[in-house]
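For reference, the structure discussed in these notes is given below.
Letters go in sequence order (proteins before strands), and every chain restarts at 1.
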Amino acid sequence: MNDVSTEAAIATLDHRVRTQHDELLAWQVEQTGFDPAREHGIESIFTVGNGYLGIRGALDTPMPGSYADLFIAGVYDRKLADRPYSELEFIGDDRGDYAHTEIVSMPFPFRMRLTVDGVALEPTGPRCRAQRRTLDLRRAILHAYTDYDTDVDRRVVVRTRRFASRADLHLVLQEVTVCLPNHSGDVDLDTSLADPDLRANHPHLTPLAIAAPDATLDVHRFVTQASGVEICIASRTLMDGADRAAVRWRAAGTIGKTLTFRRYVAIYTSLDTTDPVEAATRRVVRASWTDFDEEVAAHVAAWRTAWDRADVRVPGHPAIEQALHFNAYHLISAADHDPRVSVGARALTGRAYEGHVFWDVEMFKLPFYLYTFPDVAASLVRYRYTTLDGARRRARELGYRGACYAWESTVTGDDVTPRSIRLKSSGVEIPIFTGTQQIHVTGAVAYALWRYWQATRDAALMLEAGVEILVDTARFWASRCTRGPTHFHIHKVVGPDEYHHSVNDNAYTNWIARFNLERALDAIAWLEREAPKAWAALTERLAIDPGEPATWREVAQHLYLPGPDARGVIEQFEGFFDLEDYTLSRHERFRAPISRLFEWDRINRMKVIKQPDVLMLLHVFPDAFSPAIVEANYRYYEPITDHASSLSPGIHAAVAARIGLREEAERYWRESLWLDLSDRMSNSALGVHPACMGATWQALVFGFLGVRFEDGRPVLAANAWQPPSWRGVSLMLDWQDRLHEIESSQEVTP
Amino acid sequence: VISSILVPLDGSHVAARCVGPATWLASKLQARLHVLSAMPRAMPARDVLARLHIDEEHWPLVELHHAPAYSEASIIDAIATHGAELVVMTARPIEEPENAPGDLSQLLGHVTQAVLEHCGVPVLLLPPGYSDHVPWERVLVPLSGGVESDDALAFAVRLGAAIDLTVHVAHVAPQRAEEDALAAQARYSDALHHEYRDRLEELVLRATPTISRDQCRRIRSAALSSGDVVQELCRRIEADRINVLVVGWHGELASGRARILKQLISTVQTPVLLMRSAARKPFRLEVGEAFE
């Protein structure tokens with residue numbers, strides 16, 4: 001071989017090695033070593049889930065202070081004292097007798113205790129010499145490797161893998177291998193799921209007896225105390241080569257040989273079936289050793305199908321791909337097809353916000369689902385139909401007509417927003433105005449529904465649920481608006497910013513209200529035209545007065561919309577420009593002092609905001625404002641935003657990208673991209689931030705690439721942009737039942 | 001928590017003060033008490049025990065050892081030989097407190113200082129101003145948010161659970177001499193309690209993830225204050241009637257290091273249990289462009 005061909009061969013080899021390395025990094029998140037102070041955050045990011053359930057990534061033998069929780073979507077119970085609200089330090093107030101206030105944490109279904117020759121193997125103990133956990137994002141399997149010295153020259157290597165099946169949502173699986181490389185000894189594996197501290201760790205649950213228990217299974221039955229949901233967790237463990245199942249195993253470990261155990265865990269509740277015990281035990285009782293491989297294959301295949309739609313590639317940048325995959329992994333794991341539930345603020349990865357559903361589903365997460373998994377988006381839209389009666393009750397409670405969606409809801413749509421939160425350290429109470437004033441969530445529901453309708457043309461959903469939602473939300477706005485001498489106004493609200501309460505004519509709220517009213521008119525016109533009988537039936541069922549749509553039109557046409565001033569800046573709400581100036585220091589950004597909340601009344605008088613408000617308006621109505629207006633508002637509001645919400649950096653990135661502020665766009669996008677992986681806000685311990693993940697995705701697709709939907713397909717903007725070091729970016733978008741490939745490439749700037 | 005305790009004695013009455021708290025701890029923990037005596041000649045055991053004022057009821061716990069010399073090497077060697085998990089040592093008393101020497105080595109003696117710096121097990125140090133406090137009921141852990149103080153709290157909670165002590169935690173935020181105008185503007189009336197970085201609840205939670213909830217109930221109070229750290233801790237010792245301090249530290253007493261610890265030892269009357277963190281397996285989360 002001559003020199004040239006040798007060099008070419010080496011270059012090819014180098015490229016191949018580099019590509020393999022990049023692929024590996026892009027599809028896994030690996031942790032080595034152990035830091036107890038980081039463990040709660042690690043438990044959040046290593047959560048495995050499938051939309052029906054989520055299981056935090058605690059160690060197989062959880063440390064005593066672990067938040068080793070299993071959450072099931074839709075299982076809530078009455079609020080208990082001392083459970084955290086948004087932060088460990090904040091406790092939400094009592095919310096009376098409502099039985100669905102707080103998400104229920106259930107016992108950890110991967111718990112095991114392993115001993116070798118009577119020596120307990122604890123990953124956090126002194127005998128552990130090496131530890132590694134790897135989340136395989138492509139296959140959604142969490143692997144753990146632990147290396148112990150039980151005595152001098154007596155080494156034990158334990159490997160486990162676990163996942164929540166995407167093929168069977170009620171099934172979770174775990175495999176444990178134990179190898180004694182340099183000695184022989186007795187291996188004891190206890191797979192009982194009994195939590196030694198059930199009352200403290202899972203206080204919503206009351207254990208129930210099992211009739212005629214099968215000794216080869218480990219079956220646990222609970223009922224929630226107020227909501228009365230019955231839960232069954234059935235576990236069955238097999239050992240390679242054994243002809244029976246058992247809960248506790250003793251096996252002779254032989255030098256150099258590997259012992260392998262496989263566990264099937266089935267989880268059912270009374271929300272799924274009338275007899276959860278029967279369903280759970282039936283699912284596992286006949287599972288054979290080899291079935292495990294088939295379950296793994298089915299799960300991996302389901303994830304492969306998901307990644308065919310959700311993968312985003314940025315060639316040559318494995319760390320960015322890793323973070324994008326990580327974010328998509330959590331969004332995919334957070335939702336499925338049950339219209340009774342939606343995605344909570346921290347999905348099924350942690351206890352924060354008590355598992356409540358907010359506006360972020362519609363405005364931050366839903367675009368990812370809508371253009372990637374529209375069937376899941378349909379389910380999230382339908383959740384708002386399932387909870388429409390709750391929204392109607394809420395409107396009546398507040399003295400209005402129609403339907404007002406709760407700022408925070410769970411399964412019935414009733415409002416579960418705390419009226420105050422208490423700081424544990426001082427007992428000081430902070431009033432919360434969002435429950436009664438952050439009414440723009442109602443507009444968010446209409447906005448998402450309409451975007452869904454545009455993207456899917458799903459007439460069945462529109463017919464069955466959509467028009468009804470739009471009618472009753474329009475009714476709410478029509479009754480909520482106040483007639484003035486020349487305009488209608490919306491008084492006493494909290495906008496997306498959340499630092500200012502009881503304000504009038506919040507620009508974002510008024511715009512989204514008008515959108516809601518106009519789309520209700522469009523929807524009834526469509527229904528009247530396309531399905532007159534259905535329209536007649538709906539008119540009768542909802543007692544729609546013939547003159548009512550005209551009222552909506554009048555309110556929409558005359559609703560006051562704050563416009564740009566001479567500088568091009570839109571006033572966030574009436575009087576915002578007259579507030580006291582506040583100079584935001586660098587160290588307050590992303591980690592705002594908690595006193596922002598504590599001194600809420602003072603902050604209410606100052607020009608400092610938590611997250612995009614006017615910029616959110618510009619983001620959701622991209623065609624309504626010129627680039628000059630967008631830039632004027634970005635220049636005005638960005639310096640006074642402290643980003644105390646994870647929702648903030650992604651939207652700033654999207655808006656900055658649209659107006660060509662590319663360095664700022666990239667800086668904010670990176671903040672958003674790595675928010676959980678870097679624990680940027682120091683609060684990932686109580687769950688990851690799926691809305692931030694959704695905002696990151698939106699910033700890339702609609703901000704950087706400027707994607708618009710024209711002529712039946714998504715198209716890149718003429719000024720589509722990507723960071724200068726990127727060679728290109730590619731992803732798939734679903735639009736009107738077709739999957740479209742989006743690809744953008746460029747010459748790399750050296 | 002501790003099954004073997006070592007008391008090295010140099011024959012002086014000062015060193016012998018260690019025997020009281022060590023015997024009490026050994027009896028509470030049912031631990032072996034290894035007395036390493038560096039006397040010119042070996043004495044009959046009964047005489048040694050009597051001379052050390054160890055009650056007969058505790059004699060079964062005691063093992064006597066003779067060392068040819070009182071040195072760092074003999075003590076480190078004895079720690080390994082007897083599997084000691086705690087060493088009890090003493091500082092020299094200060095006859096005139098106002099004349100306390102600034103250099104800690106003058107207080108501790110070079111052997112104690114060397115053992116403190118080089119042995120890997122906790123050391124219970126009786127300070128110069130020590131006055132006998134057994135039985136212990138309350139332990140105070142100064143919590144800084146660092147790994148060393150986290151480990152100290154975990155150890156104190158386990159010890160508390162084993163011998164029925166209540167655990168008190170104090171976090172003293174040092175006063176910042178110069179606050180820039182922006183920071184001053186952002187400060188609120190009780191900012192100390194509510195700044196994220198000073199959140200005590202989180203500090204305690206982060207420090208105790210490996211402790212069971214039952215054991216965590218030993219933590220009876222968690223106090224937050226600002227000012228001079230040593231003065232604030234002394235105030236807490238008095239207010240909470242603390243019997244022993246458990247302090248996490250990095251293990252270096254050289255000039256300019258462990259300034260607060262040196263001041264504490266010079267000032268307090270309670271024993272100070274010094275904890276060094278075991279070497280941690282380095283933690284790494286392979287994310288971000290640094291791993292590309």
All side-chain contact (heavy atoms from CB on, under 4.5 Å) counterparts of Thr641(A), not counting sequence neighbours:
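Scan of Thr641(A) (side-chain contact (heavy atoms from CB on, under 4.5 Å), adjacent residues dropped) gives Ile609(A), His643(A), Ser648(A), His652(A).
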Side chain from CB out, backbone as N, CA, C, O: work out which of these in [X] comes under 4.5 Å of a heavy atom of chain B, or both, or neither.
X	value
Gln322(A)	side chain
Arg670(A)	side chain
His21(A)	side chain

Between Leu677(A) and Leu285(B), which heavy-atom pair has the shortest distance, and what is it?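 Of all heavy-atom pairs spanning Leu677(A) and Leu285(B), the closest is O-CD2, 3.6 Å.
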| query | What's the spacing between Phe283(B) CZ and Gln131(A) CD if we round to 0.5 Å? | reply |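 The CZ atom of Phe283(B) sits 9.5 Å away from the CD atom of Gln131(A).
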| said: Restricting to salt bridge (Lys or Arg N to Asp or Glu O under 4.0 Å), what partner residues turn up for Glu286(B), sequence neighbours left out? | reply: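 Partners of Glu286(B) by the salt bridge (Lys or Arg N to Asp or Glu O under 4.0 Å) criterion, ordered by chain and then number, come out as Arg284(B).
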query = For atom CD of Glu580(A), is the number of surrounding heavy atoms from other residues, nucleotides or ligands below 6.0 Å larger than 12?
reply =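 Result for CD/Glu580(A): enclosed.
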**Asked** Is atom CZ of Arg217(B) surrounded by more than 12 heavy atoms (other residues, nucleotides or ligands) closer than 6.0 Å?
**Response**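 Above 12, so yes.
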Counting heavy-atom pairs under 4.5 Å to chain B, which of Asn201(A), Val29(A), Ile320(A), Asn683(A) comes out on top?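 With the most close heavy-atom pairs to chain B, the winner is Asn201(A).
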Based on non-hydrogen pairs under 4.5 Å, which of Ala200(A), Gly65(A), Ala685(A) is most in contact with chain B?
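The answer is Gly65(A).
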